[in-house]
Amino acid sequence: MASHATYDYDVLIIGAGGAGLRAAIEAAGTGVSVGLICKSLLGKAHTVMAEGGMAAAMANVDDRDNWKVHFADTMRGGQYVNNWRMAELHAKEAPERVRELEAWGAVFDRTPDGKILQRNFGGHRYPRLAHVGDRTGLELIRTLQDHTTYLGVTVHMEHTVIELILDSGRAAGVLTYDRERGRFHVFTAKAIVLATGGVGRAFKITSNSWEGTGDGHALAYRAGAALIDMEFIQFHPTGMVWPPSVRGILVTEGVRGEGGVLRNSEGRRFMFDDIPDNYKPQTASDPEEGWRYVQGDKSARRPPELLTRDHVARCIMREVKAGRGSPHGGVFLDIAWIKEKISDGEGHIKRKLPSMYHQFKELADLDITKEPMEVGPTTHYIMGGIKVDADSQESSIPGLFAAGECAAGINGANRLGGNSLSDLIVFGKRAGEYAAQFAKANAAPKVDQGAVDAAMKASLEPFDRGAAGENPYQVQFDLQDTMQALVGIVRNEAEMQEAVTKLAAFRERAARVGVDGHREFNSGWHTGIDLRNLLDVSEAIALSAIERRESRGGHFREDYPEKMPEFGTFNVAITRQPDGSMKVSRIPLKEIPAELKQVIEEQKQ
């Protein structure tokens with residue numbers, strides 16, 4: 001059997017994005033030994049692609065903001081199937097976590113009086129996003145990475161986790177391979193934190209980087225943890241659509257927060273045509289009022305371009321399907337028009353949106369200060385993930401914690417822009433804190449060598465089949481094509497059932513994958529290993545979407561286009577059966593306390 005290196009830690013963090021780094025910092029600060037595994041290089045996590053800012057009710061720009069407004073906005077955005085306790089903790093703790101980053105060296109944009117500047121974003125009533133131009137995620141990672149290194153956390157770069165190993169039902173360790181040499185490594189730990197990000201690579205068009213293959217979701221699921229809300233996928237309304245080589249790359253919501261408007265091929269601001277009833281009281285009645293809002297007029301209401309992402313994405317698709325789209329299948333996002341309103345508009349755009357200016361100039365040969373961008377929906381985020389305890393972030397498996405995008409609860413049916421970055425630092429901190437507590441209170445587990453040997457053997461089987469086996473890239477391509485076409489923005493029963501049938505066939509093909517060459521940086525082998533995770537999360541998404549026979553948040557069914565009250569009382573859950581099949585069930589939502597119900601009702605006024 002193949003050999004492997006062995007490492008032992010009190011707390012093991014899997015994932016080096018915002019949640020993983022913040023968990024590592026918190027755990028290391030308690031004096032326990034901490035190991036950090038990242039799939040890519042340190043500093044290259046997908047968090048760097050979060051551009052617009054992090055939501056925290058600090059009230060630096062509008063003194064009417066507070067945690068209650070943020071909580072109510074988050075619950076309404078999530079269509080009230082959120083974990084209310086997570087939404088409450090997030091709204092209350094986000095300001096302190098942002099100030100903490102500032103103390104650690106994060107350099108935020110500033111108000112004239114020197115406070116952290118906050119910008120408008122979709123679904124947020126007041127300017128709430130602390131930001132660094134349009135590269136906030138990069139600053140977040142830089143700051144946390146520096147602090148992690150300062151605390152002496154051991155980092156294992158370019159390692160991919162193959163399997164989670166249990167000891168009598170408790171998390172005990174993981175088996176990984178390193179991408180450079182293809183060698184196996186076994187890590188044992190008293191507590192494990194999953195912070196592996198999202199599942200975007202299950203779809204053809206996505207803003208996610210190559211790492212987003214649902215690893216944490218699938219590892220936890222196969223180990224016995226429950227997944228919830230997997231039907232709720234966020235299709236960000238503005239991704240690049242042209243040229244084809246950059247399709248899906250994110251165009252930050254910050255463009256719209258700074259005054260960018262959406263137009264169809266007729267030049268009409270179509271978002272004014274469809275404003276949901278529950279948002280009408282807070283939405284501008286005309287373009288002039290919308291402009292005053294983005295300029296900081298407290299008496300104005302937000303423009304409809306800043307409605308929730310699920311709604312904006314569907315409105316864009318409606319325009320495209322009606323033949324009013326842009327030449328390459330999107331719509332136009334125009335920030336250049338603000339030159340009519342402010343002096344030195346070109347310089348203002350470059351200062352506020354430097355990354356967007358360079359992104360379009362370099363990748364599409366387009367100057368956003370002079371002409372509109374073509375944009376369309378792109379798979380961006382999954383609200384669903386591992387079911388965790390709201391306070392500790394522990395899963396149903398003792399010693400296994402999860403934070404960030406791979407954990408579920410805070411967002412419900414739809415995530416508000418900017419909530420993800422503050423989610424990472426609020427719940428990354430909590431996961432690290434409680435994982436360290438668990439490690440101190442429990443003895444070291446034992447890793448089953450038989451399970452390790454079996455996982456290594458299965459991982460090497462593609463080399464036995466060689467070139468005669470299935471092409472892993474083709475299986476991945478077909479899977480992504482199927483999910484995009486049949487379980488995408490607009491869904492129906494027949495197409496999703498077809499997707500489930502196709503996924504079963506893809507599983508059979510994935511079991512026959514073969515690769516040539518050796519184990520050193522063999523990307524075909526890496527793709528073949530990723531396929532198992534992609535198949536698990538794809539099936540969970542499809543089965544959950546079939547179960548939810550209504551439309552809510554990021555889940556829209558054309559055969560059930562209305563939101564149904566009875567479906568607002570539970571979360572759809574996915575668990576693994578003893579025979580390996582998926583079980584779909586419904587978990588009733590916990591009652592919202594009276595005092596928080598009152599907060600929600602007050603904010604509806």
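The basis for the numbers below is simple: all heavy atoms, side chains too, and nothing from hydrogens, waters or symmetry mates. Every value quoted in this text rests on a predicted model; they were computed, and no experiment measured them.
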Donor-acceptor side-chain pairing of Thr74 and Asn82 below 3.5 angstrom: no
Option passing side-chain hydrogen bond (donor to acceptor under 3.5 Å, both in side chains) with Ser326 (candidates Glu319, Glu374, Arg263): Glu374
Single hit among Ile335, Asn120, Val294, Val312 for side chain to side chain contact (heavy atoms under 4.5 Å, CB included) with Arg256: Val312
Sidechain-backbone polar pair: Glu289 side chain, Arg301 backbone, donor-acceptor under 3.5 Å: yes
Any side-chain donor near an acceptor of the partner, Gln79 and Arg552, under 3.5 Å: no
Atom CD of Glu266: over 12 foreign heavy atoms under 6.0 Å: yes
Expected output: side-chain Thr47 to main-chain Gly18 donor-acceptor under 3.5 Å: yes
Worked check of side-chain contact (heavy atoms from CB on, under 4.5 Å) between Asp297 and Trp291: CA-CA 9 Å; Asp297 185 340; Trp291 171 249; over 6 Å; no
Ser544 side chain to Asp229 backbone, donor-acceptor under 3.5 Å: no
Beyond-backbone contact of Pro303 with Met271, side-chain heavy atoms, under 4.5 angstrom: no
Nearest non-hydrogen partners of Arg119 and Asp134, listed with the distance: NH1-CA, 4.5 Å
Mutual orientation of the aromatic rings belonging to Phe232 and His555 [parallel < 30°, tilted 30-60°, perpendicular > 60°]: perpendicular
pair His348-Glu258: side-chain heavy atoms closer than 4.5 Å: yes
Closest non-hydrogen atom pair between Leu194 and Gly216, with its separation: CD1-O, 3.7 Å
Worked check of side-chain contact (heavy atoms from CB on, under 4.5 Å) between Ile386 and Tyr221: CA-CA 8 Å; Ile386 303 160; Tyr221 160 75; over 6 Å; no
Asn419 side chain reached by His70 side chain, heavy atoms, under 4.5 Å: yes
Student check: side-chain heavy atoms of Phe203 and Ile541 closer than 4.5 Å: yes
Salt-bridge contact Arg430-Glu26 (side-chain N to carboxylate O under 4.0 Å): no
Nearest-0.5 Å distance that lies between atom CD in Glu591 and atom CG in Leu596: 11.0 Å
Lys583 atom NZ, neighbour heavy-atom count above 12 within 6.0 Å: no
Inter-residue atom distance His236.NE2 - Tyr381.OH, 0.5 Å rounding: 12.5 Å
More than 12 heavy atoms of other groups within 6.0 Å of Lys204 NZ: no
Within 45° cone and under 6.0 Å: Lys604 NZ/CZ vs Tyr80 ring: yes
Short side-chain donor-acceptor distance under 3.5 Å, Ser422 and Arg97: no
Gap separating the CG atom of Leu89 from the CD1 atom of Ile410, nearest 0.5 angstrom: 9.0 Å
Whether Glu305 side chain and Leu262 backbone form a donor-acceptor pair below 3.5 Å: yes
Test applied, side chain to side chain contact (heavy atoms under 4.5 Å, CB included); reference residue, Val331; option that passes from Val375, Thr238, Val241: Val375
Nearest-0.5 Å distance that lies between atom CG in Leu138 and atom OG1 in Thr143: 9.0 Å
Donor-acceptor contact present, side-chain His311 to main-chain Asp274, <3.5 Å: yes
Separation between CZ of Arg85 and CG of Asp391, rounded to the nearest 0.5 Å: 4.5 Å
Residue Lys68 excluded, over 12 heavy atoms near NZ under 6.0 Å: no
Whether Arg557 side chain and Ala545 backbone form a donor-acceptor pair below 3.5 Å: yes
For Phe272 against Ala284, the heavy-atom pair lying closest together: CE2-O, 3.5 Å
Charged N-O contact under 4.0 Å between Glu495 and Arg491: no
Side-chain heavy atoms of Phe570 within contact of Val81, under 4.5 Å: no
Donor-acceptor contact present, side-chain Asp277 to main-chain Lys280, <3.5 Å: no
Trace of the side-chain contact (heavy atoms from CB on, under 4.5 Å) decision for Gln393 with Tyr434: CA-CA 8 Å; Gln393 298 299 106; Tyr434 284 91; over 6 Å; no
Asp73 and Arg128 ion-paired at < 4.0 Å: yes
Check: Arg64 and Arg125 side chains under 4.5 Å, non-hydrogen atoms: no
Note, Phe401 side chain near Asp389 side chain (heavy atom, < 4.5 Å): no
Verdict with supporting geometry, Ile574 and Val584, side-chain contact (heavy atoms from CB on, under 4.5 Å): CA-CA 5 Å; Ile574 297 289; Val584 183; 3.6 Å; yes
NZ/Lys387: more than 12 non-hydrogen atoms of other groups inside 6.0 Å: no
Side-chain heavy atoms of Lys341 within contact of Gln295, under 4.5 Å: no
Check: His124 main-chain N/O paired with Arg302 side-chain donor or acceptor under 3.5 Å: yes
Heavy-atom donor-acceptor pair, Arg548 side chain to Phe567 backbone, under 3.5 Å: yes
For the student: nearest non-hydrogen atoms of Met383 and Gly412, plus distance: CB-O, 3.3 Å
Check: Ile205 main-chain N/O paired with Gln484 side-chain donor or acceptor under 3.5 Å: yes
Matching residue for His131 among Leu117, Ile116, Leu421, Thr252 - test: side chain to side chain contact (heavy atoms under 4.5 Å, CB included): Leu117
Residue from Ile382, Asn414, Asp310 passing side chain to side chain contact (heavy atoms under 4.5 Å, CB included) with Ile233: Ile382
Pair Arg309 + Glu253: basic N to acidic O under 4.0 Å: yes
Leu543 side, atom CG; Met582 side, atom CE - distance, nearest 0.5 Å: 6.5 Å
For the student: nearest non-hydrogen atoms of Asn208 and His46, plus distance: CA-CE1, 3.4 Å
Which atom of Lys298 lies closest to which atom of Asp63, heavy atoms considered: NZ-OD1, 3.6 Å
Ion pair check, Glu96 and Lys429, cut-off under 4.0 Å: no
